[in-house]
Novice: 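Okay, handing you the structure first.
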Number of protein chains: 2
Amino acid sequence: MNEQTRLSWTDVRDEIRARILSRAYAPGDKLPRDEDIAQELGCARSTVHRAMQDLSQIGLVERKRKGGTHVRADPVTRATFDIPITRREVEQRGSIYSCQLISRTVEQTPLPIMARFGITHPAEMLRVKALHLADNRPYIFEDRWIDVGSMPEILDVDFSLESANEWLVHNKPYSRLDVRFSAMNAEGESARYLDTPTGSALFVIERTTWIGAEPITTVQAVAAPGYQLVAQN
Amino acid sequence: MNEQTRLSWTDVRDEIRARILSRAYAPGDKLPRDEDIAQELGCARSTVHRAMQDLSQIGLVERKRKGGTHVRADPVTRATFDIPITRREVEQRGSIYSCQLISRTVEQTPLPIMARFGITHPAEMLRVKALHLADNRPYIFEDRWIDVGSMPEILDVDFSLESANEWLVHNKPYSRLDVRFSAMNAEGESARYLDTPTGSALFVIERTTWIGAEPITTVQAVAAPGYQLVAQN
DNA sequence: GAGTGGTCTAGACCACATG
DNA sequence: ATGTGGTCTAGACCACTCT
């Protein structure tokens, strides 16, 4: 007559989710207190808590300290994307990776770049343009700004050996990140380097990183036509 | 001489992250066992576990059951995006939302749609095209397929009152989700309805949902030029 | 086989938000 | 002031995976 095994938090999560899917708990409804659910299902409160943590993460429920747990009335679609180093991305597709350094200059940051970093005074930064290739065909064109002040050693790195992308990822972890996706028409450099007609629709990833409040790097990566980003899960 | 307060898991997380940032734990390194870290910092193992859960989620470390915890050698950029109901998205920008039903037909699923759902036999589905507007200007054009078999009641819904987007979100939670982003050139319908020249670069969100293995809906949402998606955090 | 992270429990206290 | 989720502890056992 006893339960065969103890309940795991995934069991609890699945049960609660099932109730939400079946509208036993309808959108906007308040769920019972964790403790009551625990008692009903026969597990510890922390197990329910762990389950709720997951459902809350996914965006299915909303929890507040005294307000209790509610089924979200306007659920959002929440998706997580992993953006690997370009080398890995190419290699995992089974292609040969290579990279061309296009230019390497030191410039004062123009206004749009200052805006990305959220700084109010211009700074001298290293600007590196590079083209990533898969099987010798253009894959991603990147235009990157790197703060020199916080890492003077960057000036000695030979980016023809290791791309700026890789060097930074291996040598400069960040503590804050901003990522944006958009679309743009190929023109000028992007069209030329990606070897695509002017006007092609290109997928753009813009990434900016900081350590604390200190700028590290910002990059606009423009992918060749056909690029698609798929969510994990 | 005593600690003022107990360590919280965020303190532990910040401490570990600081060590990684300072390369005290370098990329690829193996970290001490949770229990050793707990002892060193003077907290319970589960507190360290909670901290590690967070770092692992972010993608800074990788944990394996007997292998221990390692600093990721090839860190990935992990970003989470919330895609709200279009109505909310528009309203949160401070604009007036409206929606036009363009067409509503029942069709056999063609191959590309079957592929999205992962089904091998065609099914009859409801196909709904609609245009979302912000301040009476085109915002998102969506082309949606809805499985009729699992929700015949959908046939009675008046989509001129409530968009298919909203009806589904409010009435049909899902258990599995696939999201992809890409870019495409405006052409034909997308150009016409979004009131943009043929060839404009448009941002495309493709979303497919299931309950278990059962298809619910798939939608291709094409955003007007200038659309940008920003990560949470 | 053995080592390490993953989970569960029971109990205590804290912190936040609401009435 | 009070209720509810959030966290911490200590200890036990489980499950994966490497050797």
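Keep in mind it's a predicted model, so treat the numbers as computed, not measured. Within every chain, numbering begins at 1; the chains are lettered A, B, ... in the order of the sequence lines, protein sequences first and strands thereafter. Any value given below was found using the heavy atoms of this structure, including those in side chains, with hydrogens, waters and symmetry copies removed.
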Novice: For A:Q228, does the CD atom have more than 12 heavy-atom neighbours from other residues, nucleotides or ligands under 6.0 Å away?
Specialist: yes

Novice: Under 3.5 Å, is there a donor-acceptor pair between the side chain of B:S22 and the main chain of B:A18?
Specialist: yes

Novice: Ring-plane angle category for A:Y97 and A:H132, please: parallel below 30°, perpendicular beyond 60°, tilted otherwise.
Specialist: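 Answer is tilted, since the angle falls between 30° and 60°.
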
Novice: Can you classify the ring geometry of B:F117 versus B:W210 as parallel (below 30°), tilted (30 to 60°) or perpendicular (above 60°)?
Specialist: perpendicular

Novice: Can you build the contact string for nucleotides 3-10 of chain C? Use B for base contact, S for sugar-phosphate-only contact, and - for no protein heavy atom under 4.0 Å.
Specialist: BBBBBSB-

Novice: Would you indicate whether A:R23, at its atom CZ, is surrounded by more than 12 heavy atoms from other residues, nucleotides or ligands within a distance under 6.0 Å?
Specialist: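 Yes - once you tally the heavy atoms of other residues, nucleotides and ligands closer than 6.0 Å, there are more than 12.
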
Novice: How bent is the helix from C:dG1-D:dC18 to C:dT18-D:dA1, comparing axes over its five end pairs at each side, to the nearest 10°?
Specialist: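 That helix has its two terminal axes inclined by roughly 30°.
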
Novice: Under 4.0 Å between a side-chain nitrogen and a carboxylate oxygen: does that hold for A:D29 and A:R72?
Specialist: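 Answer for the salt bridge query: no.
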
Novice: According to salt bridge (charged side-chain N to carboxylate O under 4.0 Å, His left out), does anything in residues 158-170 of chain A pair up with another residue at least two apart or in another chain? List the pairs.
Specialist: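 Matches after skipping sequence neighbours: A:R87-A:E166.
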
